[in-house]
Amino acid sequence: MLLQKNEKLIMIGDSITDCERKRPLGEGLFGGIGKGYVSLVDALIQSTYPELGLRIINMGISGNTVRDLKNRWEEDVENLKPDWLSIMIGINDVWRQYDQPTIRESHVYPEEYEATLRELIQRTKPQVKGIVLMTPFYIEPNREDAMRKRMDEYGTIVKRVAEETGCLLVDTQAAFEPVLRDIYPATLAWDRVHPSAVGHMVLAKAFLAAVGYEYQ
């Protein structure tokens with residue numbers, strides 16, 4: 001596995017990452033790391049590789065866009081000096097364009113999204129061993145659905161940025177595809193965004209595959 005002994009991994013994002021994690025740092029006892037994919041990643045790593053003593057910190061905040069990440073980057077990422085960083089952001093950047101279409105100042109359009117994501121990666125990459133970029137997703141198999149189609153555009157941006165900056169990539173939308181062949185979307189996420197435990201496990205397994213986790 002790419003993560004090594006005594007290293008620190010920060011996982012940052014929006015509500016999908018947050019999942020009721022503790023403040024100010026999402027770690028510790030009694031659900032401090034939250035109830036979503038971050039907690040599953042932590043549980044699987046700690047139970048399979050207990051000798052590594054990895055420290056995983058959840059820094060997700062519900063409702064965040066990439067613009068919000070930029071505003072808190074120094075405090076919530078750089079000052080914590082991670083060895084590894086995982087970023088999953090973009091769902092709200094897209095969603096606000098659909099659930100509040102007339103409040104345009106809340107929208108983060110593709111140009112700003114890509115420029116901001118690149119900026120954060122470029123300023124942080126020299127300080128860490130590696131960065132994992134996770135695409136935003138929409139749990140809807142119909143690729144012609146308006147929000148799914150828009151989300152795929154942002155996913156393409158993440159893929160391009162990952163390739164051009166040398167980051168690891170987790171294609172979360174692709175990870176959901178085989179599950180959606182047999183499970184109705186609302187069963188995985190009633191609003192197509194906030195996953196059930198099954199959906200969070202899909203995300204956790206996709207992340208773990210990217211960092212070379214081996215099931216034992």
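Here the structure is a predicted model, which is why all the values come from computation and not from measurement. Sequence positions, counted from 1, serve as the residue numbers for this chain.
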A.B. asks: Before you tell me yes or no, could you show the steps for E112 and T65 under side chain to side chain contact (heavy atoms under 4.5 Å, CB included), namely the whole-Å CA-CA distance, both residues' side-chain angles and the distance that decides it to 0.1 Å?
C.D. replies: CA-CA 11 Å; E112 179 186 357; T65 64; over 6 Å; no
A.B. asks: Below 4.5 Å, heavy atoms only, C-beta onward: do Y113 and V158 meet side chain to side chain?
C.D. replies: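 Touching, per the 4.5 Å side-chain cut-off.
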A.B. asks: Treating N58 as the side-chain partner and I33 as the backbone partner, does any N or O pair qualify as donor plus acceptor under 3.5 Å?
C.D. replies: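 It does hold such a pair.
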A.B. asks: Given the rule in the side chain to side chain contact (heavy atoms under 4.5 Å, CB included) test, do I56 and E27 qualify, once you have shown the distances and angles that lead to the verdict?
C.D. replies: CA-CA 7 Å; I56 299 177; E27 60 180 344; over 6 Å; no
A.B. asks: Answer yes when R96 and D93 have at least one side-chain N-carboxylate O distance shorter than 4.0 Å, and no when they do not.
C.D. replies: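 Salt bridge flag = no for D93 with R96.
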A.B. asks: Can you name the residues that form a salt bridge (Lys or Arg N to Asp or Glu O under 4.0 Å) with E163, not counting sequence neighbours?
C.D. replies: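 For E163 there are no salt bridge (Lys or Arg N to Asp or Glu O under 4.0 Å) partners, ignoring immediate neighbours.
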A.B. asks: Could you tell me the separation between the CG atom of L208 and the CD1 atom of I45, rounded to the nearest 0.5 Å?
C.D. replies: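 L208 CG to I45 CD1: 5.5 Å, rounded to 0.5 Å.
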A.B. asks: Walk me through whether L120 and I87 qualify under side chain to side chain contact (heavy atoms under 4.5 Å, CB included).
C.D. replies: CA-CA 10 Å; L120 296 178; I87 307 168; 5.6 Å; no
A.B. asks: First locate atom OG1 of T124, then atom CD of E119, and finally report the distance between them rounded to the nearest 0.5 Å.
C.D. replies: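 T124 OG1 to E119 CD: 9.5 Å, rounded to 0.5 Å.
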A.B. asks: Is any side-chain heavy atom of Q97 less than 4.5 Å from a side-chain heavy atom of Y109?
C.D. replies: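 Yes - at least one pair of side-chain heavy atoms lies under 4.5 Å apart.
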A.B. asks: Working to the nearest 0.5 angstrom, can you tell me the gap between H194 NE2 and S15 OG?
C.D. replies: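 One gets 3.0 Å once the value is rounded to the nearest 0.5 Å.
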A.B. asks: Surrounding CD of E153 (heavy atoms of other residues, nucleotides or ligands, distance under 6.0 Å), is the total greater than 12?
C.D. replies: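 Above 12, so yes.
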A.B. asks: Contact between T48 and M1 at the side-chain level, heavy atoms closer than 4.5 Å - yes or no?
C.D. replies: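 T48 vs M1: side chains apart.
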A.B. asks: Are W84 and L2 side-chain neighbours, meaning at least one heavy-atom pair lies under 4.5 Å?
C.D. replies: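 Yes; the side chains approach each other to less than 4.5 Å.
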A.B. asks: What's the shortest heavy-atom distance between S39 and G34, and which atoms?
C.D. replies: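 Result for this residue pair: CB-O, 3.3 Å.
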A.B. asks: Quickly, which of L40, L44, V41 forms a side chain to side chain contact (heavy atoms under 4.5 Å, CB included) with F207? Name it, please.
C.D. replies: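 Testing each of L40, L44, V41 against F207, the sole residue satisfying side chain to side chain contact (heavy atoms under 4.5 Å, CB included) is V41.
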A.B. asks: Does the side chain to side chain contact (heavy atoms under 4.5 Å, CB included) test come out yes or no for L9 and S86, once each step is laid out?
C.D. replies: CA-CA 7 Å; L9 164 66; S86 171; 4.3 Å; yes
A.B. asks: Which heavy atom in D83 sits nearest to a heavy atom in N6, and how many Å separate them?
C.D. replies: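 Here D83 and N6 meet closest at OD2-O, 4.3 Å.
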A.B. asks: Over 60° means perpendicular and under 30° means parallel, so classify the ring planes of Y37 and H200, tilted if in between.
C.D. replies: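 H200 and Y37: parallel rings.
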A.B. asks: CD1/I89 to OG1/T17 distance, rounded to the nearest 0.5 angstrom?
C.D. replies: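 One gets 7.5 Å once the value is rounded to the nearest 0.5 Å.
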A.B. asks: Does K70 NZ have over 12 foreign heavy atoms under 6.0 Å away?
C.D. replies: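 At most 12 heavy atoms, drawn from other residues, nucleotides or ligands, come within 6.0 Å of this atom.
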A.B. asks: Any side-chain heavy-atom pair from M11 and I57 closer than 4.5 angstrom?
C.D. replies: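 With C-beta onward as the side chain, the pair stays apart.
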A.B. asks: Does Y98 belong to the same Ile/Leu/Val/Met/Phe/Trp/Tyr cluster as Y154, with side-chain heavy atoms less than 4.5 Å apart forming each link?
C.D. replies: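 Y98 and Y154: one cluster.
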A.B. asks: Using modelled atom types only, decide if a donor and an acceptor are shared between the side chain of H107 and the backbone of T102 within a distance under 3.5 Å.
C.D. replies: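 Looks like no, no N/O pair under 3.5 Å.
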A.B. asks: Could you report the tightest heavy-atom contact between M59 and G26, atom names first, then the distance?
C.D. replies: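 Reported closest heavy-atom pair: SD-N, 4.3 Å.
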A.B. asks: Check residues 164-174 and write down every donor-acceptor pair under 3.5 Å in which the side-chain atom is one partner and the other belongs to a residue at least two apart or another chain.
C.D. replies:
unit_1: E164; atom_1: OE1; unit_2: R118; atom_2: NH1; d: 3.1
unit_1: E164; atom_1: OE1; unit_2: R118; atom_2: NH2; d: 2.3
unit_1: T165; atom_1: OG1; unit_2: V161; atom_2: O; d: 2.6
unit_1: D171; atom_1: OD1; unit_2: Q173; atom_2: N; d: 3.4
unit_1: D171; atom_1: OD1; unit_2: A174; atom_2: N; d: 3.1
unit_1: D171; atom_1: OD2; unit_2: K159; atom_2: NZ; d: 3.1
unit_1: T172; atom_1: OG1; unit_2: T135; atom_2: O; d: 2.7
unit_1: T172; atom_1: OG1; unit_2: T135; atom_2: OG1; d: 3.0
unit_1: Q173; atom_1: OE1; unit_2: Y138; atom_2: N; d: 2.9
unit_1: Q173; atom_1: NE2; unit_2: Y138; atom_2: O; d: 2.9

A.B. asks: Check S106 against Q100 and note the closest heavy-atom contact, atom names and distance.
C.D. replies: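 For S106 versus Q100, the nearest heavy atoms are OG-NE2, 2.7 Å.
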A.B. asks: On a heavy-atom basis, which atom in D14 and which in G90 lie closest, and how many Å separate them?
C.D. replies: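 That closest heavy-atom pairing would be OD2-N, 4.3 Å.
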A.B. asks: Is any NZ, NE, NH1 or NH2 atom of the basic residue among K149 and E144 found under 4.0 Å from an Asp or Glu carboxylate oxygen of the other?
C.D. replies: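 Yes, K149 and E144 are salt-bridged.
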A.B. asks: Just wondering, more than 12 heavy atoms not from Q46 lying within 6.0 Å of its CD?
C.D. replies: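 Result for CD/Q46: enclosed.
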A.B. asks: Would you indicate whether the side-chain heavy atoms of T187 and S196 approach each other to under 4.5 Å?
C.D. replies: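 S196 does not reach T187 side chain to side chain.
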A.B. asks: Relative to Y184, does R192 satisfy both conditions: NZ or CZ under 6.0 angstrom from the six-membered ring centre, and within 45 degrees of the ring's axis?
C.D. replies: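 Judged by the rule (NZ or CZ under 6.0 Å from the ring centre, within 45° of its axis), R192 counts as positioned above Y184.
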A.B. asks: Mind checking the CG-CE spacing from D145 to M151? Nearest 0.5 Å is all I need.
C.D. replies: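 Rounded to the nearest 0.5 Å, the CG-CE separation comes to 9.5 Å.
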A.B. asks: Could you check whether any side-chain heavy atom of P110 comes within less than 4.5 Å of a side-chain heavy atom of I157, counting everything from C-beta outward?
C.D. replies: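 Heavy-atom side-chain distance check passes, below 4.5 Å.
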A.B. asks: Does any part of the side chain of F137, heavy atoms only, come nearer than 4.5 Å to the side chain of M88, both counted from C-beta?
C.D. replies: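 In short, these two side chains touch, coming nearer than 4.5 Å.
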A.B. asks: Membership question, hydrophobic clusters at under 4.5 Å side-chain separation (ILVMFWY): are I61 and V77 in the same one?
C.D. replies: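 Cluster IDs for V77 and I61 differ.
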A.B. asks: Please report the shortest heavy-atom distance between E7 and Q4, naming the atom on each side.
C.D. replies: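 Result for this residue pair: OE1-N, 2.7 Å.
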A.B. asks: Taking a hydrophobic cluster as the set of Ile, Leu, Val, Met, Phe, Trp and Tyr residues connected by side-chain heavy atoms closer than 4.5 Å, whether directly or through intermediates, do L203 and Y215 fall within one such cluster?
C.D. replies: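 In one cluster: yes.
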A.B. asks: Answer yes or no: is there an ion pair linking R143 with E177, defined by an N-O contact shorter than 4.0 Å?
C.D. replies: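 A salt bridge links R143 with E177.
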A.B. asks: Quick one: do D18 and R23 make a salt bridge, cutoff under 4.0 Å?
C.D. replies: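 Looking at D18 and R23, the cut-off is met.
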A.B. asks: Any chance you could measure L133, atom CG, to R160, atom CZ, to the nearest 0.5 Å?
C.D. replies: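 Answer rounded to 0.5 Å: 12.5 Å.
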A.B. asks: Tell me, yes or no, whether the heavy-atom count around K8 atom NZ, taken from other residues, nucleotides or ligands under 6.0 Å, exceeds 12.
C.D. replies: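 Yes, because the 6.0 Å sphere around NZ of K8 holds more than 12 heavy atoms from other groups.
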A.B. asks: I'd like to know if V193 and V198 are part of one continuous hydrophobic network [Ile/Leu/Val/Met/Phe/Trp/Tyr, side-chain heavy atoms within less than 4.5 Å].
C.D. replies: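 Cluster IDs for V198 and V193 match.
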